[in-house]
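Residue numbers start from 1 in every chain, and the chains themselves are labelled A, B, ... in the order their sequence lines are given, proteins ahead of strands.
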Amino acid sequence: MTIHLFDTMAGATRELVPLEPGHIRIYTCGPTVYGPAHVGNFRTLAASDLLVRYLRYRGYHVTWVMNVTDIDDKIIKRAREEGISVGELASHYELQFLSDLDTIGIARPDVMPRATEHIPQMVELIQKLLAGGHAYVTDDGSIFFRISSWPEYGRLARIDPEGMRVGERVQADEYGKDDVRDFALWKGPSADEPSWDTAIGRGRPGWHIECSAMSTTYLGQPFDIHTGGIDLVFPHHEDEIAQSEAATGKTFVACWFHCGFLQMGGQKMAKSLGNIASVGEVLARGVSSRALRLALISAHYRTPLAFGDESLQAASSAVDRLDALLGALAAYRTDRPDDASLPLLLGATRAAFEAALDDDLNMSPALAAVFDLVRELNRRIDARTLSAADAGRAIAFIRDLDRVLAIAPAAEDRLEPELQLLLDERAAARTGSDWAASDRLRIVLAERGILVEDTRDGQRWRRAE
RNA sequence: GGCGACGUACCCAAGUGGUUAAGGGGGAGGUCUGCAAAACCUCUAUUCGGCGGUUCGAUCCCGCCCGUCGCCUCCA
């Protein structure tokens, strides 16, 4: 089987054929670091992470680049409001962003280029556009892309430039445009804004140009997959294509991967609607980070996904179920021969898991395969048909699939010595059928955040989250 | 107005032109168990927004209608 992905440009699901055999290059539109990102933002990043993880699981070498937009109108405005420098504000929220990525189990991209550190690359691209007649300079020193010079404009979003509805607002930096639909490549200098002295004059970059410049700097052109939220299709990605292809004459990206919205209250989660939740807020409500991750990846990435207390609760329960199984397998002790049918079960699970994810990362059936396995393994634990070695094989198998899912608990979790003493004390009490002491110690441990369960394999503990 | 997505049980959410319509959560009953928890078993959509059409047969294909959401403007 080969991996198939939906490509927005083609409007269809296609086989993923690496431009370079065995190597896949991916660029993801990252955060604008002017405030805390919300979990809707992270849904898209989690989908991109899932893509990267699955490709690696499948044996591909993946180079993943995600930009950090550390200069733009919103950052400047916010920094001014808070009375700090643009650099201070941006680095503060960049750190928070990285921390949130770790929390959700999103792998760190291989490269996270900052816009402000790639001004020369952007300038070079803009120079090519000017030379090719695709861009023009206005009186205030701004430079715009001339949409009329690029007949392909609108292909990704399936928009006819002639039919574009023109916005009501006219911003200061848009004065002087030849056509209202043209977009800024470079913004002329303003006294109270950061600016750079460059070969194309003093100023600062527009938004779209950074992604064109930084993606191809690190991944070349064309590269395999460009990911982002569905709302970036237009105009952001359309503009990236226009810039990159007009400047070089080469195809920009082979496959466009767009993630659907996270919805809260039946609507897109968005700052403007106010229906947002940050990672910190979700965790503060007592939801584990692994449950949050599962909630974000539990549906197919292109469909709208309902988010809220109910989805978080469901994800928490599902994670607990997985934890309970792993705990039971780890504690499992019995003296009997290997279960001859276990390899078949694991093989069938892997086949179903991979078939689902090969099909445009179809998570629902992939998770169904995992939870079918959970039930079947619990049955075999109850029936005592596994050998102790089988239990170890099952754990290793689940952890192998978890390279993609990243929802399983940390592998080696050792109890603190003083808590282990309490647990040992309780085991001794139970051997002597001292139920009162047993119950008391269970409560004491619970107060320390350790939930103890008694099984025929002895005591089993897990951390309350 | 233009373009697009979607409407499956109490909630979330897969899926297929005809076999038992996944899985998770929740609920009800049961088994096991010193208790608790976990786990397991049974039940919880004769039905897939509505109306027509194509077909031997449609939830799945086509048309219309209703409803929801999104993009066209910063936006994951």
Pair A:Glu81 + A:Lys77: basic N to acidic O under 4.0 Å:
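Judged by the 4.0 Å cut-off on N to carboxylate O distance, A:Glu81 and A:Lys77 do form a salt bridge.
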
Output the single nucleotide from [options] whose closest atom is nearest the side chain of [X].
{"X": "A:Glu453", "options": "B:A38, B:G34, B:A76", "result": "B:A38"}
{"X": "A:Phe234", "options": "B:C72, B:C74, B:C69", "result": "B:C72"}
{"X": "A:Ser438", "options": "B:G34, B:C75, B:G24", "result": "B:G34"}
{"X": "A:Ser364", "options": "B:C11, B:A13, B:C40", "result": "B:A13"}
{"X": "A:Met269", "options": "B:A76, B:A38, B:G25", "result": "B:A76"}
{"X": "A:Lys74", "options": "B:G34, B:A14, B:C74", "result": "B:C74"}

Under-4.0 Å side-chain N/O to phosphate OP1/OP2 contact, [X] with [N]:
{"X": "A:Thr303", "N": "B:A14", "result": "yes"}
{"X": "A:Arg155", "N": "B:C3", "result": "no"}
{"X": "A:Asn378", "N": "B:C41", "result": "no"}
{"X": "A:Arg456", "N": "B:A38", "result": "no"}

What about [X], does its side chain sit under 3.5 Å from the base of [N] through a donor-acceptor pair?
{"X": "A:Lys271", "N": "B:C74", "value": "no"}
{"X": "A:Arg442", "N": "B:C35", "value": "yes"}
{"X": "A:Arg430", "N": "B:G34", "value": "yes"}

Answer with base, sugar-phosphate or nothing: what part of the nucleic acid does A:Asp454 contact at a heavy-atom distance below 4.0 Å?
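Base contact.
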
Side-chain donor/acceptor pairs under 3.5 Å, residues 26-33 of chain A, sequence neighbours excluded:
from: A:Tyr27; atom 1: OH; to: A:Asn67; atom 2: OD1; distance (Å): 3.2
from: A:Thr28; atom 1: OG1; to: A:Trp64; atom 2: NE1; distance (Å): 2.8
from: A:Thr28; atom 1: OG1; to: A:Thr227; atom 2: OG1; distance (Å): 2.7

For A:Phe371 and B:G23, are the ring centres under 5.5 Å apart with planes inclined under 30°?
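Not stacked: fails the 5.5 Å / 30° test.
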
Can you tell me if CG on A:Asp335 sees more than 12 non-hydrogen neighbours from other groups inside 6.0 Å?
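Not buried by this count: 12 neighbours or fewer within 6.0 Å.
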
